[in-house]
Amino acid sequence: MSAVSDRLPAFPWDKLEPYKKTAAAHPDGIVDLSVGTPVDPVPEHIQKALIAAADSPGYPTVWGTPELRDALTRWVEHRLGGRGVTHRHVLPVVGSKELVAWLPTQLGLGPGDQVAFPRLAYPTYEVGARLARAEHVAYDDPTELDPSRLKLLWLNSPSNPTGRVLSKEELTRIVAWAREHGVLVLSDECYIELGWEADPVSVLHPDVNGGSYDGIIAVHSLSKRSNLAGYRAAFLAGDPAVLGPLLQIRKHGGMMTPAPTQAAVVAALGDDEHVRVQRERYAARRTALRDALLAHGFRIEHSEASLYLWATRDESCWDTVAHLADRGILVAPGDFYGPAGDRFVRVALTATDERVRAAVTRLTA
């Protein structure tokens with residue numbers, strides 16, 4: 001066991017605990033803007049779907065019910081512009097983090113293989129490479145990488161943590177380069193429905209992939225769009241030549257989305273109204289926090305999409321964390337996402353309206 005855990009970096013969030021204690025000591029309580037965990041209610045119709053499926057004594061299938069696969073294919077075509085999407089093009093997973101962490105292993109990668117991800121990135125991309133004993137490499141432009149040992153290329157648009165969105169032209173160029181060199185593209189698009197100053201595009205769109213899903217997989221999650229982080233509901237869509245073997249591996253591993261969650265996903269993907277309502281909540285919180293941070297002397301970069309503001313006071317990220325903790329506000333230090341973030345903090349929009357108002361008051365007092 002220690003041999004496996006020794007491959008992993010220190011769990012970054014443990015370093016934030018002292019600052020969390022400082023923020024919690026504020027007379028009006030902590031405003032936690034560090035972890036992007038949803039705080040708003042699960043929409044009622046999704047709860048009802050979950051409850052209706054609660055009497056599920058048998059094992060669920062790894063591939064999901066036909067109704068779930070129908071819902072996934074319809075959504076990919078309706079929302080992402082995919083064409084010719086069949087059941088073979090989709091695969092439910094038990095939350096996207098599980099998938100990210102274990103995908104290199106499930107793909108059979110190991111020593112000598114490379115996994116690449118953005119210079120500023122979700123830490124689990126690196127964790128996945130380490131678990132597989134593969135090498136990891138961070139990039140600014142993936143087409144400048146040496147493709148000779150590169151097996152898996154992670155894209156993340158909209159980005160966590162920066163909120164940067166890759167344009168259709170950038171995605172098209174990267175996909176063409178990866179195909180030319182036989183590199184599998186995994187596009188993490190979990191924030192695609194949260195574009196503010198940009199309209200994010202999926203690698204599954206025909207303008208990007210030329211009408212072919214060869215060598216590309218998109219990762220999608222219902223955690224943020226539908227407040228289903230507690231349900232562990234996500235899925236893959238793309239190349240059947242990749243998803244077919246993954247399905248077999250996941251059958252052997254028993255990686256099954258619970259039956260009630262599958263029913264909830266069908267309800268969630270079949271309704272756009274609750275997504276619109278949640279977007280409006282986040283948009284209002286984003287405007288309030290952005291204005292308050294700017295008034296407090298911050299500069300905000302990118303942040304055109306996703307659930308975060310990427311902000312700096314042009315100082316060490318830990319000095320900024322301490323400064324805000326003294327005001328009862330907890331944020332994530334940018335170096336959690338790579339050394340290039342050492343002068344930024346990530347500010348999540350996932351707090352109640354009341355807590356956001358408290359943060360605004362403290363920042364503008």
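Reckoned from all heavy atoms, side chains included, excluding hydrogens, waters and symmetry mates. All residue numbers in this chain count up from 1 along the given sequence.
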Flag, side chain of R355 to backbone of T350, donor-acceptor distance under 3.5 Å | no
Taking only residues two or more places apart in sequence or in another chain, which ones pass salt bridge (Lys or Arg N to Asp or Glu O under 4.0 Å) with R164?
-> E170
Any side-chain heavy atom of L204 sitting closer than 4.5 Å to one from Y213?
-> yes
Just by distance, do the side chain of E189 and the backbone of V203 share a donor-acceptor pair under 3.5 Å?
-> yes
Start with the C-alpha distance between T61 and M256, add both sets of side-chain angles, then the distance that settles side-chain contact (heavy atoms from CB on, under 4.5 Å), and finish with yes or no.
-> CA-CA 6 Å; T61 63; M256 302 173 283; over 6 Å; no
Could you tell me whether the side chain of L363 reaches within less than 4.5 Å of the side chain of I329, counting heavy atoms only?
-> yes
Could you tell me whether E77 and R83 make a salt bridge, using a distance below 4.0 angstrom between a side-chain N and a carboxylate O?
-> no
Quick one: are L80 and H220 in side-chain contact, heavy atoms under 4.5 Å?
-> yes
Within the side chain of T261, is there an N or O that forms a donor-acceptor pair under 3.5 Å with the backbone of T257?
-> no
Distance-only, no hydrogens or angles: does the D271 side chain make a donor-acceptor pair with backbone N or O of H274 under 3.5 Å?
-> yes
Look only at the side chain of R327 and the backbone of H323, and say whether a donor-acceptor pair between them is shorter than 3.5 Å.
-> yes
So, the side chain of D335 versus the backbone of G338: is there a donor-acceptor pair under 3.5 Å, distance only?
-> no
Heavy-atom nearest pair, T22 first then A325, reads CG2-O, 3.7 Å
Flag for H205-S202: side-chain donor and acceptor within less than 3.5 Å | no
Might you point out which heavy atoms bring D146 and Q114 nearest each other, and give the distance in Å?
-> O-OE1, 4.1 Å
After noting the C-alpha distance and the side-chain angles of F344 and Y337, does the key distance pass the ring-ring contact (aromatic ring centres under 6.0 Å, His included) rule?
-> CA-CA 10 Å; F344 285 79; Y337 308 95; over 10 Å; no
Keeping the roles fixed (side chain from D140, backbone from P142), state whether a donor-acceptor pair exists under 3.5 Å.
-> no
Can we say E126 and R130 salt-bridge, meaning some charged N sits less than 4.0 Å from an Asp/Glu carboxylate O?
-> yes
D342 side chain to W318 side chain, donor-acceptor N/O pair below 3.5 angstrom | no
Would you call K224 and D40 a salt bridge, using N to O less than 4.0 angstrom?
-> no
For H302 and S159, test the side chains for any donor-to-acceptor distance below 3.5 angstrom and give the result as yes or no.
-> no
Is K20 paired with D14 through a side-chain N to carboxylate O contact shorter than 4.0 Å?
-> no
Within-4.5 Å side-chain heavy-atom neighbours: F235 and V219 = no
side-chain contact (heavy atoms from CB on, under 4.5 Å) between S157 and V165, intermediate numbers included | CA-CA 5 Å; S157 176; V165 172; 3.8 Å; yes
Could you grab the distance from atom CG of D291 to atom CD1 of I300, nearest 0.5 Å is fine?
-> 8.5 Å
Should P147 and W177 count as side-chain neighbours, where that means a heavy-atom distance under 4.5 Å?
-> yes
Working for salt bridge (Lys or Arg N to Asp or Glu O under 4.0 Å), residues E193 and R79 = CA-CA 9 Å; E193 297 199 274; R79 180 59 186 84; 3.1 Å; yes
Test: R285 and D353 ion pair at under 4.0 Å | yes
Is a side-chain donor or acceptor of E67 paired with a backbone partner of V266 at a separation under 3.5 angstrom?
-> no
Are the charged groups of D314 and R299 less than 4.0 angstrom apart, N to O?
-> yes
Does a side-chain heavy-atom distance below 4.5 Å link E304 with T162?
-> no
Give the minimum heavy-atom separation between A264 and A49, together with the two atoms involved.
-> CA-CB, 4.2 Å
With ring centroids as reference points, do Y282 and W196 lie under 6.0 angstrom apart?
-> no
All heavy atoms of A340 vs all of R119, minimum pair found to be CB-CG, 3.7 Å
Near W102 CH2, under 6.0 Å, is it more than 12 heavy atoms from other residues, nucleotides or ligands?
-> no
Any chance the rings of F117 and Y122 have centres within less than 6.0 Å?
-> no
So, are E315 and R343 salt-bridged, with charged N and O less than 4.0 Å apart?
-> no
Distance-minimising heavy-atom pair for P43 and S226 = CD-O, 3.5 Å
Residues E44, K48: salt bridge by 4.0 Å N-O rule | yes
List the steps, then state whether side-chain contact (heavy atoms from CB on, under 4.5 Å) holds for L8 with L131.
-> CA-CA 7 Å; L8 304 180; L131 285 171; 3.8 Å; yes
Hey, what do you get for CG (N160) to SG (C190), rounding to the nearest 0.5 Å?
-> 9.5 Å
Six-ring centre of W310, R346 cation under 6.0 angstrom, axis tolerance 45° = no
Any side-chain donor paired with an acceptor under 3.5 Å for D326 and H26?
-> no
Any side-chain heavy atom of V185 within less than 4.5 Å of one from I217?
-> no
Donor-acceptor under 3.5 Å (R133 side chain, G112 main chain) | no
Going only through I, L, V, M, F, W and Y residues with side-chain contacts under 4.5 Å, is there a path from V127 to W13?
-> no
Following the transitive rule for hydrophobic clusters with a side-chain heavy-atom cut-off under 4.5 Å over Ile, Leu, Val, Met, Phe, Trp and Tyr, establish whether L307 and F298 coincide in one cluster.
-> yes
Determine, stepwise, if the pair R357 / E354 fulfils salt bridge (Lys or Arg N to Asp or Glu O under 4.0 Å).
-> CA-CA 5 Å; R357 286 193 296 270; E354 183 274 329; over 6 Å; no
Is the count of non-hydrogen atoms from other residues, nucleotides or ligands lying under 6.0 Å from R313 atom CZ greater than 12?
-> yes
Would you kindly confirm whether W63 and L72 end up in one hydrophobic cluster when ILVMFWY residues are joined by side chain heavy atoms under 4.5 Å apart?
-> no
Do D239 and H89 meet the criterion of a side-chain donor-acceptor pair at a distance under 3.5 Å?
-> no
Walk me through it: do K21 and E17 pass the test salt bridge (Lys or Arg N to Asp or Glu O under 4.0 Å)?
-> CA-CA 6 Å; K21 290 179 180 177; E17 281 302 313; over 6 Å; no
Should the pair E197-R286 be classified as a salt bridge under the 4.0 Å nitrogen-to-oxygen rule?
-> yes
Electrostatic pair D28:R362 at N-O distance under 4.0 angstrom = yes
Side-chain touch L309/L293, heavy atoms, less than 4.5 angstrom = yes
Just by distance, with hydrogens left out, do D188 and Y125 show a side-chain donor and acceptor under 3.5 Å apart?
-> yes
Using a strict 4.0 Å threshold on nitrogen-to-oxygen distance, state whether E135 and K151 make a salt bridge.
-> no
Under 3.5 Å, is there a donor-acceptor pair between the side chain of N227 and the main chain of P38?
-> no
Check the pair Y308 / L349 against side-chain contact (heavy atoms from CB on, under 4.5 Å), numbers first and verdict last.
-> CA-CA 6 Å; Y308 312 104; L349 310 180; over 6 Å; no
